[in-house]
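First up is the structure itself, then whatever we jot down about it.
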Amino acid sequence: MAKPIYVLNGPNLNLLGSREPEVYGRETLDDVRTRCERRAAELGFPLDFRQSNHEGELVAWIQEARMAASGIIINAGAFTHTSIAMLDALLACQIPCVEVHLSNIFTREPFRHQSYISKAAKGVICGFGALGYELAIEALAATDAAGTAS
Ligand code: CA2
């Protein structure tokens, strides 16, 4: 059996569906998890879906993924724009990573235009809401061992 895809969610994403629906949509994080589990199963991958408000915990999960996961999908929340620690963990990880954002960070405040973690990502999907997570699973599933999407 394939190793699981890790889907890691950063700070405040546990609040999804409760506020700012015009920015983040109406789906809860549990709804996103259900979507991801369904799509991953269709593509033959187990899924490990997690959320944390703590940078160190996210770093530890990225380190764990290095051996345990076939790839990482990450919405680092606001840590996207601040965390060199998460970038370093992802660079050390060596498995493919797709960065996801629900909103289009480039149409928002200037401080959201920079992502520290994109340097470690094979690709970035933003602006498609929860669908972006499913697209990221498809992209990882299409990425072979040499790291080339086909
Ligand atoms: O668009 C995204 O997915 C973000 O990663 C979401 C982060 C934000 O800091 C990034 O710039 C873009 C914020 C997640 C907080 O989500 C909430 C959802 C509902 C209510 C409050 C916060």
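Heads up: numbering here begins at 1 and tracks the sequence. Source: prediction; values computed, not measured.
Within the structure, salt bridge (Lys or Arg N to Asp or Glu O under 4.0 Å) contacts touching residues 2-27 (residues at least two apart or in different chains) are E27-R35.
For the pair H113/I105, no side-chain contact is recorded, criterion being any heavy-atom separation below 4.5 Å from C-beta on. Between L102 and L16, some side-chain heavy-atom pair lies under the 4.5 Å cut-off. Side-chain contact between F49 and L29 is present, with heavy atoms from C-beta onward closer than 4.5 Å. Side-chain contact between E134 and F128: absent, with no pair of heavy atoms (C-beta onward) separated by less than 4.5 Å. Side-chain contact check for R50 versus L58: every heavy-atom pair is 4.5 Å or farther apart.
Both L140 and L131 are members of a single hydrophobic cluster when ILVMFWY side chains are connected at heavy-atom separations under 4.5 Å. V124 is not connected to I5 by any chain of hydrophobic side-chain contacts under 4.5 Å among Ile, Leu, Val, Met, Phe, Trp and Tyr, and they are in different clusters.
Atom CD of E64 sits about 3.5 Å away from atom OH of Y6, to the nearest 0.5 Å. For the atom pair CE of M86 and CG of D88, the computed distance is 11.5 Å after rounding to the nearest 0.5 Å. From I117, atom CD1 reaches atom CD1 of I72 across 9.5 Å, with rounding to the nearest 0.5 Å.
With sequence neighbours excluded, the residues forming a salt bridge (charged side-chain N to carboxylate O under 4.0 Å, His left out) with D30 are R33, listed by chain and number. Legend: residues meeting salt bridge (charged side-chain N to carboxylate O under 4.0 Å, His left out) with E42, ordered by chain and number and at least two apart, are R39. Partners of A40 by side-chain contact (heavy atoms from CB on, under 4.5 Å), not counting sequence neighbours, listed by chain and number: F45, L47, I137.
The minimum heavy-atom distance between A76 and P11, with the atom names listed, is O-CD, 3.4 Å. Heavy-atom minimum distance, T143 versus A139: OG1-O, 2.6 Å. The two residues V32 and A130 make their nearest non-hydrogen contact at CG2-CB, 4.0 Å. The nearest pair of heavy atoms linking W61 to Q51 is CH2-O, 3.5 Å. Closest approach of S103 and C126 over heavy atoms only: O-CB, 3.4 Å.
At distances below 3.5 Å, at least one donor-acceptor pair connects side-chain atoms of T107 with backbone N or O atoms of N104.
If you chain together ILVMFWY residues whose side-chain heavy atoms come under 4.5 Å of each other, I84 ends up grouped with Y116.
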Requested in this report: Show your working on side chain to side chain donor-acceptor pair (under 3.5 Å) between D31 and T34 and close with a plain yes or no.
Outcome: CA-CA 5 Å; D31 296 330; T34 301; 5.5 Å; no

Report task. Walk me through it: do E55 and N53 pass the test side chain to side chain donor-acceptor pair (under 3.5 Å)? Result -> CA-CA 7 Å; E55 186 176 16; N53 293 324; over 6 Å; no

Query raised in the report: Between N9 and Y133, does a side-chain contact (heavy atoms from CB on, under 4.5 Å) hold up when you go through it step by step?
Result: CA-CA 11 Å; N9 294 280; Y133 285 73; 2.6 Å; yes

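With V7 as the fixed residue, the side-chain contact (heavy atoms from CB on, under 4.5 Å) test singles out one of N75, D48, I73, I74: I73.
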Can you give each donor-acceptor pair under 3.5 Å made by side-chain atoms of residues 90-100, sequence neighbours left out, with the distance rounded to 0.1 Å?
unit_1 : atom_1 : unit_2 : atom_2 : d
Q94    : OE1    : R66    : NH2    : 3.3
E99    : OE1    : S115   : OG     : 3.3
E99    : OE1    : S118   : N      : 3.3
E99    : OE1    : S118   : OG     : 2.6
E99    : OE2    : H101   : NE2    : 2.7
E99    : OE2    : S115   : OG     : 2.9

